[in-house]
There are 2 protein chains.
Amino acid sequence: MASKPRRPIPDATVSRLPIYQRVLDQLQTQGSTTVSSEDLAELAGVNAAKARKDLSFLGSYGIRGVGYEVDYLLFQIRHALGLTQQWPVLIVGVGNLGRALADYAGFTSRGFPVVALVDDDPAKIGTDHVGVEIRPLADVAALVRDLDIAIGVIAIPSAGAQRVAELLVEAGVSSILNFAPAVLTVPDGVHLRQVDLAVELQILSFHRQRDQRDSEVTESGERPG
Amino acid sequence: MASKPRRPIPDATVSRLPIYQRVLDQLQTQGSTTVSSEDLAELAGVNAAKARKDLSFLGSYGIRGVGYEVDYLLFQIRHALGLTQQWPVLIVGVGNLGRALADYAGFTSRGFPVVALVDDDPAKIGTDHVGVEIRPLADVAALVRDLDIAIGVIAIPSAGAQRVAELLVEAGVSSILNFAPAVLTVPDGVHLRQVDLAVELQILSFHRQRDQRDSEVTESGERPG
DNA sequence: GATGTCTTGTGAACGGCTGCACATGGTTGC
DNA sequence: GCAACCATGTGCAGCCGTTCACAAGACATC
């Protein structure tokens with residue numbers, strides 16, 4: 001038996017693997033059979049040395065003097081990310097965001113089919129969205145069991161987010177993606193990721209305002225010495 | 001004139017300031033007047049020492065033996081993030097995601113009013129969404145000028161994203177938030193942030209699959225020695 | 001098969017972030 | 001006014017991630 005677990009893959013590398021995957025997807029579609037770390041890095045928007053180091057954590061899948069075989073590298077990245085299988089997704093909250101996520105083609109095409117929608121608005125329950133029936137919150141446990149849900153997505157306002165997270169965990173979901181702008185607490189062993197859309201704007205705001213102040217200082221003449 | 005630019009605020013700190021802001025907002029609403037670094041950190045989901053160090057980059061706004069005054073700290077964070085003013089936002093692409101973002105209350109309430117919507121679908125142009133008229137792509141330059149747009153949000157498929165980014169930059173937008181799953185290239189001085197919804201799922205997938213493999217190894221009996 | 005060219009894989013140095021532990025300094029109670 | 005207490009602010013050590021620079025290895029050509 002070969003030893004599978006080489007050195008563990010760093011978080012920073014894991015977060016970039018999906019980018020490499022996307023780039024390699026494109027290259028494959030364009031008919032490229034091999035790619036150098038330099039070209040791959042350029043397309044992924046990173047440094048070539050970083051790309052090579054990232055890929056080296058997966059194994060030695062490059063050929064010195066040649067580059068990486070696109071098909072093979074793509075398979076290895078998919079394998080590392082666990083994307084050789086599908087991960088059915090449940091979305092809680094069928095508001096604007098929930099609908100946008102359910103419709104987002106990038107989910108299904110990357111192996112994350114949205115197979116269940118849940119909402120607590122009686123008016124929505126029973127109706128369909130992109131072929132998926134909207135079910136009440138109380139059905140979460142049954143849906144998770146019957147549809148083998150791997151990932152729960154929270155797309156509701158902050159107020160109910162913690163309660164929904166607990167509901168998902170009780171139902172057996174061990175991976176949660178939370179869009180509610182709230183800090184959630186989950187038990188050990190449950191993976192939680194947070195996406196806060198407003199935070200990104202605030203970071204942009206910070207940089208812009210800093211540039212602005214800097215230029216004001218420069219224009220008004222920084223006192224020398 | 002006092003020297004404004006103390007040591008620069010690290011990126012890691014900047015990315016947490018919005019979280020502290022949100023927590024302090026809540027505390028203020030609840031009527032709290034002061035908060036300790038420990039409580040603040042707990043609510044923000046970080047280490048207390050980290051919270052203190054983060055806040056110390058803004059200045060010495062705490063009181064030893066007491067804690068931080070909620071109102072004052074909130075003001076200082078808003079000031080550091082440049083949120084004492086409003087930053088008008090233009091959204092390109094009024095599909096599901098664009099609509100979700102336009103409707104998202106968290107934007108306006110945090111100082112980012114969505115004042116312009118743009119799409120290239122003739123059927124949508126001229127219609128209203130939440131009181132904002134949808135305009136053609138060609139109007140971007142005029143909108144940026146007339147409405148003093150600070151931030152452009154790209155919510156269209158990958159294919160056109162680079163072209164739209166260039167359009168925004170030409171129009172004078174220097175901060176861009178991109179939701180298209182593509183690597184964009186912008187000139188120096190333009191701030192670009194990337195949110196890829198599928199990447200988050202793929203990272204969850206990685207962790208889940210790793211846990212799964214680990215438990216398989218354990219169950220089948222790792223060979224000792 | 002030997003030589004030159006090309007690209008990977010990685011050792012090592014560097015810089016930034018985290019978290020501990022403690023000195024600093026403000027507050028309260030007597 | 002003094003002593004005990006409390007929470008902030010920060011020096012320091014360790015860790016993680018990035019980048020450079022180069023050795024190792026594969027291919028092509030003669």
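Each chain gets a letter, A, B and so on, in the order its sequence line appears, and its residues count up from 1. These numbers were taken from a predicted model, which means no experiment stands behind them.
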Phosphate oxygens OP1/OP2 of [N]: is one of them under 4.0 Å from a side-chain N or O of [X]?
X	N	result
Y68(B)	dG9(D)	yes
S37(A)	dT7(C)	no
R16(A)	dT18(D)	yes
S36(A)	dT7(C)	no
N47(B)	dC17(C)	no

How close or far is atom [atom2] of [N] from atom [atom1] of [X], stated in whole angstroms?
X	N	atom1	atom2	answer
K53(B)	dG14(D)	NZ	C1'	13 Å
Y61(B)	dG26(C)	OH	P	16 Å
D54(A)	dG9(C)	CG	C1'	13 Å
K50(A)	dC16(D)	NZ	P	17 Å
E38(B)	dC20(C)	CD	P	11 Å
I63(B)	dC5(D)	CD1	P	22 Å
E69(A)	dT8(C)	CD	P	14 Å
I9(B)	dG16(C)	CD1	C1'	16 Å

Query raised in the report: Does the side chain of Y20(B) pick up a donor-acceptor pair with the side chain of D54(B) at under 3.5 Å?
Result: yes
**Report entry** Donor on one side chain, acceptor on other, S37(B) and R52(B), under 3.5 Å
**Finding:** yes
Query raised in the report: With a 4.0 Å cut-off, would you call D196(B) and R110(A) a salt bridge?
Result: no
Which nucleotide in [options] has an atom nearest any side-chain atom of [X]:
X	options	answer
R52(A)	dG17(D), dC20(C), dT8(C)	dT8(C)
S56(A)	dG9(D), dT10(C), dA21(C)	dT10(C)
R64(B)	dC17(C), dA7(D), dG11(C)	dA7(D)

Query raised in the report: Which word best sums up how the rings of H207(B) and H191(A) line up, parallel for under 30°, tilted for 30 to 60°, or perpendicular for over 60°?
Result: parallel
Requested in this report: May I ask you to decide if L201(A)'s main-chain N or O and S205(A)'s side chain share a donor-acceptor pair within less than 3.5 Å?
Outcome: no
